[in-house]
S.K.: 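I'd like to ask some things about the structure below.
Both backbone and side-chain heavy atoms feed into the values below; hydrogens, waters and symmetry mates do not.
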Amino acid sequence: MTANDAYPLLAVITDLARDMAPAERFAQLLATVRQMLPCDATALLQLRGTELIPLAVDGLSTDTLGRHFVVDDHPRLAKILLSHEPVRFAADSPLPDPYDGLLHAVEGDLHVHDCLGIALYLQGMPWGVLTLDALNANAFDRIDPGQLRYLARLSEAVIRITELTNQLQSRTEHHQAMTQALVADGQQELIGRSRAMARLQQEIDMVARSDLAVLITGETGVGKELVARRVHALSNRARAPLIYLNCAALPENLVESELFGHTRGAFSGAVQSRVGKFELAHGGTLFLDEVGELPLTVQPKLLRALQSGEVQRLGSDSHHQVDVRIIAASNRDLHREVAEGRFRADLYHRLGVYPIAVPSLRERHKDVLLLAGHFLEQNRRRIGLRGLRLDTSAREALLAYPWPGNVRELEHLISRAVLKAQAGQDGGRRLLTLTAELLDLGGSPVDVAASVVESGSLDLPQPTIGQTLREATERFQVQLIRQALERNDNNQSRAAQELGVDRGNFSRLVKRLGI
């Protein structure tokens, strides 16, 4: 093959560098190699540590993609990897072939066939290998080594373009996802010295370095995202990405695409192929926030991915092997959701291999002051103040408040109080003191409910025989919320403000209660 003969291949690989997912691009590259050269099977393997991981195969059985080839255990692959020139093995070579029994065309071991391999390098470092196998022992006799070197350079170009594209997409999507989960200036660490927090830290330390699936439960605003982040940071996957997906923020028709990806034209609006969160998290951790909100129609597909480690993009017939650790979180009682048929029992048990319950702020008592100090310091740096402090009345008010919105509510409350304090002072760097009046904690949901009941505008629903405390509480919440919505012309923002509840939490509560 001359340089002129190679131009068609160059055009094909140039096309592969355009709108195509990495796995599809690699598969098409191998198909092109088989069209050009007289081989019955090809494979592209990436070096990761001491193992060669198949990224794409053509002519080999599908299970090859699930195998990890330890270089020291496979002398042929080791020899290819260490050579800067193409390596061809004689038909009677005593070195065992890693693909014996894996070619589609035959059953059992192959005793005579042609085998060669090319080491691939990126930026002077070994990246992996491209292997070619043929059933005919003389299949590669007429191949010019120059053809193989040229093929190696073209393959490296495709790999380089693929990695650059994948890095850009991964960085963009990961940044966007984590920005939704954790505000850049928000709380970035677990703070507290209470017994409840000590137990939580012990649980995290215990499970982090395993690969067990973790289910984090707790009320809204307790910091489930931070627990997930801490588990990942202490795990053996800490150098790999932590990919975030808020299951409650997606329309039902897009959940599957977000999880598994899609091909171009898979559905209306799919103008280009897109990698799903599972593939983005390969080698790392996938955090499924609000997993209890997943539609029942999607749950079996998620379960299948967790069981097999394989994902299938919408519109594609091929499967992709992924190595992902799952951390899920929910403020719902998933055990009850299972009992009432809203969540699959098998998925619940698969996700909850190691459950972690995050304590509410009410259970942490004086941790409230530690957290308040943390948020005060953040605001001080952000605004450029000389100092921020709480007076005695403010500390007492913080300790007495029930914190229905937990840590998130405390963070927002401190930020509002700081702005109020700053508005009442002259400019310049200064020391500001927050008082109970600035915190304005009088309008708690408990106080609002009490005042509504006392006024006679709401009749408490009478509990029925056999009714649980939770069921009675939910009946009361339904009536309270309906009254608030009626008084505010069904404006959820104003109703949430009246009840002293975060707007997002209020919307989720309305949805959960079926109002």
S.K.: Using 0.5 Å steps for rounding, measure from the NZ atom of Lys301 to the CG atom of Leu259.
M.R.: 10.5 Å
S.K.: Please lay out, stage by stage, how Asp40 and Asp133 fare under the test side chain to side chain contact (heavy atoms under 4.5 Å, CB included).
M.R.: CA-CA 6 Å; Asp40 298 294; Asp133 287 79; over 6 Å; no
S.K.: Using only atom types and a distance under 3.5 Å, with no angle test, would you say the side chain of Ser93 pairs donor to acceptor with the backbone of Phe89?
M.R.: no
S.K.: Checking Ser155 side chain against Leu151 main chain: does a donor-acceptor pair fall under 3.5 Å?
M.R.: yes
S.K.: Among residues at least two apart in sequence or on other chains, which ones pass ring-ring contact (aromatic ring centres under 6.0 Å, His included) with His74?
M.R.: Phe69
S.K.: Can a salt bridge be assigned to the pair Glu310 and Arg304 using a cut-off of 4.0 Å between side-chain N and carboxylate O?
M.R.: no
S.K.: Could you tell me whether the side chain of Val71 reaches within less than 4.5 Å of the side chain of Thr50, counting heavy atoms only?
M.R.: no
S.K.: Quick one: side chain to side chain contact (heavy atoms under 4.5 Å, CB included) partners of Leu376, sequence neighbours excluded?
M.R.: Leu388, Leu390, Ile414, Val418, Leu434
S.K.: Can you confirm whether more than 12 heavy atoms, excluding those of His68, are under 6.0 Å from its NE2 atom?
M.R.: yes
S.K.: Looking at side-chain heavy atoms only, is the closest gap between Leu306 and Ile326 below 4.5 Å?
M.R.: yes
S.K.: Check whether any side-chain N or O of Lys277 sits under 3.5 Å from a backbone N or O of Leu286 as a donor-acceptor pair, and report yes or no.
M.R.: no
S.K.: Let me confirm one number: the CG-SG distance from Leu132 to Cys115, rounded to the nearest 0.5 Å.
M.R.: 8.5 Å
S.K.: Side chains of Arg48 and Gln46: do they bring a donor and an acceptor to under 3.5 Å?
M.R.: yes
S.K.: I'd like to check the side chain to side chain contact (heavy atoms under 4.5 Å, CB included) partners of Pro359; sequence neighbours left out, ordered by chain and number.
M.R.: Ala196, Met197, Leu200, Glu363, Arg364
S.K.: Using side chain to side chain contact (heavy atoms under 4.5 Å, CB included) as the criterion, list what pairs up with Ser83, not counting sequence neighbours.
M.R.: Glu85, Val87
S.K.: Got a second to check how far Leu245's CG is from Leu288's CG, nearest 0.5 Å?
M.R.: 6.0 Å
S.K.: Identify the heavy atoms of Val338 and Ala345 that sit nearest to each other, and give their distance.
M.R.: CG1-CB, 3.6 Å
S.K.: Sequence neighbours excluded and cut-off under 3.5 Å, please list the side-chain donor-acceptor pairs for residues 205-215, or say none.
M.R.:
{"from": "Ser210", "atom 1": "OG", "to": "Val207", "atom 2": "O", "distance (Å)": "2.7"}
{"from": "Ser210", "atom 1": "OG", "to": "Leu212", "atom 2": "N", "distance (Å)": "3.3"}
{"from": "Asp211", "atom 1": "OD1", "to": "Arg237", "atom 2": "NE", "distance (Å)": "3.0"}
{"from": "Asp211", "atom 1": "OD2", "to": "Arg237", "atom 2": "NH2", "distance (Å)": "3.0"}

S.K.: Less than 4.0 Å between a side-chain N and a carboxylate O, is that true for Arg193 and Asp367?
M.R.: no
S.K.: Indicate yes or no for a side-chain donor-acceptor contact from Arg76 to the backbone of Leu95 under 3.5 Å, with no hydrogens or angles considered.
M.R.: yes
S.K.: Determine, step by step, whether Gln123 and Arg160 satisfy the side chain to side chain contact (heavy atoms under 4.5 Å, CB included) criterion, reporting the C-alpha distance in whole Å, the side-chain angles of both residues, the deciding distance to 0.1 Å, and the verdict.
M.R.: CA-CA 9 Å; Gln123 299 178 341; Arg160 189 158 48 246; 5.8 Å; no
S.K.: Using a cut-off of 6.0 Å, state whether more than 12 heavy atoms not belonging to Asn138 lie near its atom CG.
M.R.: yes
S.K.: Quick check against the 3.5 Å criterion: does Glu156 have a side-chain atom that pairs as donor or acceptor with the backbone of Tyr121?
M.R.: yes
S.K.: Is the closest side-chain donor-acceptor distance between Glu290 and Asn246 under 3.5 Å?
M.R.: no
S.K.: Which residues pass the ring-ring contact (aromatic ring centres under 6.0 Å, His included) test with Phe260, not counting sequence neighbours?
M.R.: Phe278
S.K.: Could you check whether any side-chain N or O of Asp58 sits under 3.5 Å from a backbone N or O of Ala41, counting only pairs where one atom can act as donor and the other as acceptor?
M.R.: no
S.K.: Would you call Leu30 and Leu130 a side-chain contact if the rule is heavy atoms closer than 4.5 Å?
M.R.: yes
S.K.: Excluding sequence neighbours, so at least two apart, what forms side-chain hydrogen bond (donor to acceptor under 3.5 Å, both in side chains) with Asp72?
M.R.: none
S.K.: Is the closest side-chain heavy-atom distance between Pro295 and Val255 below 4.5 Å?
M.R.: yes
S.K.: Applying side-chain hydrogen bond (donor to acceptor under 3.5 Å, both in side chains), can you list everything that pairs with His349, at least two apart in sequence or on another chain?
M.R.: none
S.K.: To check you understand the geometry: which heavy-atom pair defines the closest contact between Gly128 and Leu52, and what is its length?
M.R.: CA-CD2, 4.2 Å
S.K.: Atom CZ in Arg34, atom CG in Leu29: separation rounded to 0.5 Å?
M.R.: 13.0 Å
S.K.: Got a sec, which residues hit side chain to side chain contact (heavy atoms under 4.5 Å, CB included) with Ala198, two or more places apart in sequence or on another chain?
M.R.: none
S.K.: Does any part of the side chain of Ile356, heavy atoms only, come nearer than 4.5 Å to the side chain of Thr217, both counted from C-beta?
M.R.: no
S.K.: Would you check if Ile80 and Thr131 make a side-chain contact, meaning some heavy-atom pair closer than 4.5 Å?
M.R.: yes
S.K.: Check for a donor-acceptor pair, side chain of Asp114 on one end and backbone N or O of Ala134 on the other, with a separation under 3.5 Å.
M.R.: no
S.K.: Salt-bridge test for Arg336 and Glu340: reply yes if a basic N is under 4.0 Å from a carboxylate O, no otherwise.
M.R.: yes
S.K.: Is the shortest side-chain heavy-atom distance between Leu148 and Leu116 below 4.5 Å?
M.R.: yes
S.K.: Can you check whether Val311's main-chain N or O pairs, donor with acceptor, with His320's side chain at less than 3.5 Å?
M.R.: no
S.K.: With sequence neighbours excluded, what pairs up with Tyr354 under the ring-ring contact (aromatic ring centres under 6.0 Å, His included) test?
M.R.: none
S.K.: Quick one: are Arg313 and Glu279 in side-chain contact, heavy atoms under 4.5 Å?
M.R.: yes
S.K.: Show, in sequence, the C-alpha distance, side-chain angles and deciding distance for Val324 and Ile243, and conclude whether the side chain to side chain contact (heavy atoms under 4.5 Å, CB included) test is met.
M.R.: CA-CA 10 Å; Val324 174; Ile243 301 299; over 6 Å; no
S.K.: List for me each residue that meets side-chain hydrogen bond (donor to acceptor under 3.5 Å, both in side chains) alongside Asp346, sequence neighbours excluded, and say none if there are none.
M.R.: Arg344
S.K.: In plain terms, say whether Glu411 and Arg408 are close enough for a salt bridge, that is, a side-chain N and a carboxylate O under 4.0 Å apart.
M.R.: no
S.K.: Once rounded to the nearest 0.5 Å, what's the spacing between atom OG1 of Thr42 and atom CG of Leu37?
M.R.: 9.5 Å
S.K.: Residues two or more places apart in sequence or in another chain: which of them pass side-chain hydrogen bond (donor to acceptor under 3.5 Å, both in side chains) with Gln299?
M.R.: none
S.K.: Among Val222, Asn331, Leu190, find the one that has a side-chain contact (heavy atoms from CB on, under 4.5 Å) with Val358.
M.R.: Val222
S.K.: Kindly say whether Phe287 contributes a backbone atom to a donor-acceptor pair with the side chain of His232 at under 3.5 angstrom?
M.R.: no
S.K.: List the steps, then state whether side chain to side chain contact (heavy atoms under 4.5 Å, CB included) holds for Ile118 with Val129.
M.R.: CA-CA 6 Å; Ile118 308 166; Val129 298; over 6 Å; no
S.K.: Over all heavy atoms of both residues, which pair between Pro241 and Leu280 is shortest? Give the atoms and the distance, please.
M.R.: CG-O, 3.5 Å
S.K.: Enter the distance from Ser235:OG to Leu242:CG here, rounded to the nearest 0.5 Å.
M.R.: 9.0 Å
